[in-house]
Protein chains: 2
Amino acid sequence: MASGPLREPTFLILTSLAAEPRHGYGIIQDVEGLSEGRVRLRAGTLYGSLDRLVEQGLAAADREEVEQGRLRRYYRITGAGRQLLEAEVARLAANARAAGHRLGLEGLAP
Amino acid sequence: MASGPLREPTFLILTSLAAEPRHGYGIIQDVEGLSEGRVRLRAGTLYGSLDRLVEQGLAAADREEVEQGRLRRYYRITGAGRQLLEAEVARLAANARAAGHRLGLEGLAP
DNA sequence: CCGTTATATACCGTCCACCGGCATAAGTCA
DNA sequence: TGACTTATGCCGGTGGACGGTATATAACGG
């Protein structure tokens with residue numbers, strides 16, 4: 001159930017929700033921004049990941065709005081999601097630090 | 001060919017090779033150490049990953065030794081592998097920084 | 001007035017890295 | 001003798017990501 005480390009798309013989706021509740025399309029745009037253009041989520045990736053996050057209790061449906069005839073379904077991060085994301089940040093930072101050390105990339109700005 | 005981001009096991013295997021050439025079993029032990037006991041590579045994961053790394057030119061067979069009747073097959077990281085690992089370190093660090101920011105984990109030691 | 005782009009959600013088949021178990025084999029230690 | 005460590009390697013199953021497609025409306029541009 002509580003599977004291994006988050007893959008990048010899922011990690012970024014959770015990160016996107018950490019600031020405030022967002023709807024699907026908003027997440028896609030936000031993730032592109034916070035990854036500095038590196039990650040462009042596909043619809044299939046997003047909604048599949050979102051379903052899994054809800055199923056695992058890491059995110060939850062927040063509310064629904066109808067904006068100009070289009071439905072917007074908002075999601076928010078849960079306490080468990082925030083906790084797991086914090087652990088993931090620590091893991092990524094530790095891995096980056098360890099590998100940087102091995103590569104001799106000592107003086108790298110945080 | 002140059003597929004997406006490295007998964008954690010592959011990342012740590014490359015990291016292990018970054019310091020010096022190592023044989024399979026040595027990698028398993030080293031990875032357990034550098035991940036502070038978090039990651040225990042299975043043989044299946046290791047040798048599969050190693051084959052892929054060689055196939056992609058990120059690692060190469062270094063030499064073979066026979067130590068007390070047991071064969072040791074050493075692998076080393078290539079220039080391309082080192083380059084990719086550096087890029088991966090930057091990616092991980094950027095993701096950790098972005099998520100830490102969103103979580104309000106500002107004052108975290110690098 | 002019509003086609004394209006942007007907004008927005010959702011399904012589905014495919015791929016592949018990782019997982020876990022198993023096999024093999026020689027040396028060590030109790 | 002049997003358990004454990006070192007050491008390499010195969011194989012089936014799982015699951016997340018990918019890419020494409022479908023659906024629908026609004027806005028923009030030619």
Side-chain angles (χ1 to χ4, degrees), chain A residues 1-17 21-33 35 38-56 58-59 61-75 84 88 91 95, chain B residues 1-14 16 21-33 35 38-56 58-59 61-75 84 88 91 95:
Chain A
M1 198 185 264
S3 52
L6 298 179
R7 310 270 269 282
E8 190 173 43
T10 302
F11 174 86
L12 293 172
I13 290 167
L14 252 197
T15 298
S16 176
L17 295 179
R22 261 180 243 275
H23 60 97
Y25 201 81
I27 295 174
I28 292 180
Q29 295 171 127
D30 186 46
V31 163
E32 186 169 355
S35 69
R38 266 195 7 270
V39 180
R40 280 183 197 184
L41 256 25
R42 304 303 179 120
T45 303
L46 174 73
Y47 292 104
S49 181
L50 232 25
D51 288 347
R52 266 172 263 127
L53 287 172
V54 169
E55 195 186 296
Q56 293 165 29
L58 303 172
D62 192 67
R63 66 188 188 278
E64 289 184 10
E65 282 178 13
V66 179
E67 191 89 6
Q68 287 160 325
R70 294 184 220 95
L71 179 71
R72 280 182 172 179
R73 182 163 287 130
Y74 283 78
Y75 294 87
L84 187 130
E88 284 291 293
R91 188 179 61 81
N95 283 346
Chain B
M1 198 182 265
S3 51
L6 298 179
R7 308 267 269 280
E8 190 172 44
T10 302
F11 175 85
L12 292 172
I13 290 167
L14 252 196
S16 177
R22 261 180 243 274
H23 60 98
Y25 202 81
I27 295 173
I28 292 181
Q29 295 171 128
D30 185 48
V31 162
E32 186 169 354
S35 70
R38 263 193 312 96
V39 180
R40 280 182 197 184
L41 257 25
R42 303 304 180 118
T45 304
L46 174 73
Y47 293 104
S49 180
L50 232 26
D51 287 347
R52 265 173 263 129
L53 287 173
V54 169
E55 196 187 294
Q56 294 165 25
L58 303 172
D62 191 66
R63 66 187 190 277
E64 288 184 10
E65 281 177 12
V66 179
E67 192 87 8
Q68 289 161 323
R70 294 184 220 93
L71 177 72
R72 282 182 172 181
R73 182 162 285 129
Y74 283 77
Y75 294 87
L84 187 130
E88 285 290 293
R91 188 178 62 81
N95 282 346

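Order of the sequence lines sets the chain letters (A, B, ...), proteins ahead of strands, with each chain counted from 1. None of the values given here were measured: they were computed from a predicted structure.
Of the side-chain N and O atoms in A:Arg7, none sit less than 4.0 angstrom from OP1 or OP2 of D:dG15. At the phosphate of C:dA10, neither OP1 nor OP2 sits under 4.0 Å from any side-chain N or O atom of A:Tyr47. When the side-chain nitrogen and oxygen atoms of A:Arg42 are compared with OP1 and OP2 of D:dC18, none of them lie within a distance under 4.0 Å. Regarding contacts with the backbone of D:dT6, a side-chain N or O of B:Tyr25 is found under 4.0 angstrom from either OP1 or OP2. For B:Ser49 and C:dA17, the shortest distance from a side-chain N or O to OP1 or OP2 is not below 4.0 Å. Neither OP1 nor OP2 of C:dG20 sits under 4.0 Å from any side-chain N or O of B:Thr45.
As a whole-Å value, the separation of A:Ile28 CD1 from C:dT5 P is 18 Å. Straight-line distance from the CG atom of B:Asp51 to the P atom of D:dC10: 7 Å, rounded to whole Å. Protein atom CG of B:Leu71 is 12 Å distant from nucleotide atom C1' of D:dT6, rounded to whole Å. Atoms CZ (B:Arg72) and P (D:dT6) sit 10 Å apart, rounded to a whole Å. For the pair A:Glu8 CD and C:dC16 P, the computed distance is 19 Å after rounding to whole Å. Per the geometry, CG belonging to A:Leu6 stands 20 Å off P belonging to C:dA17, to the nearest Å. B:Phe11 places its CZ atom 13 Å from the P atom of C:dC18, with the value rounded to the nearest Å. For A:Leu50 and C:dC11, the CG to C1' distance is 15 Å, given to the nearest whole Å.
When the nucleotides C:dG27, C:dT7, D:dA17 are ranked by their closest atom to the side chain of A:Pro9, D:dA17 comes out on top. In the set C:dT7, D:dA7, C:dA10, the nucleotide with an atom closest to the side chain of A:Arg73 is C:dA10.
One N or O on the side chain of A:Thr15 and one on the backbone of A:Phe11 form a donor-acceptor pair closer than 3.5 Å. At least one donor-acceptor pair under 3.5 Å links the side chain of B:Ser35 to the backbone N or O of B:Val31.
No more than 12 heavy atoms of other residues, nucleotides or ligands shown are found within 6.0 angstrom of CZ on B:Arg40.
In the interface, the side chain of B:Arg70 is paired with the base of D:dT6 through a donor and an acceptor atom under 3.5 Å apart.
Counting any heavy atom pair closer than 4.0 Å across all strands shown, B:Gly24 reaches sugar-phosphate atoms only and no base atom. Within 4.0 Å (heavy atoms only), A:Gln29 reaches sugar-phosphate atoms of the nucleic acid but no base atom.
In this structure B:Arg91 satisfies the salt bridge (Lys or Arg N to Asp or Glu O under 4.0 Å) test together with A:Glu8, B:Glu88, sequence neighbours excluded.
Closest of all the heavy-atom pairs between A:Pro9 and A:Thr45 is CB-CG2, 3.9 Å.
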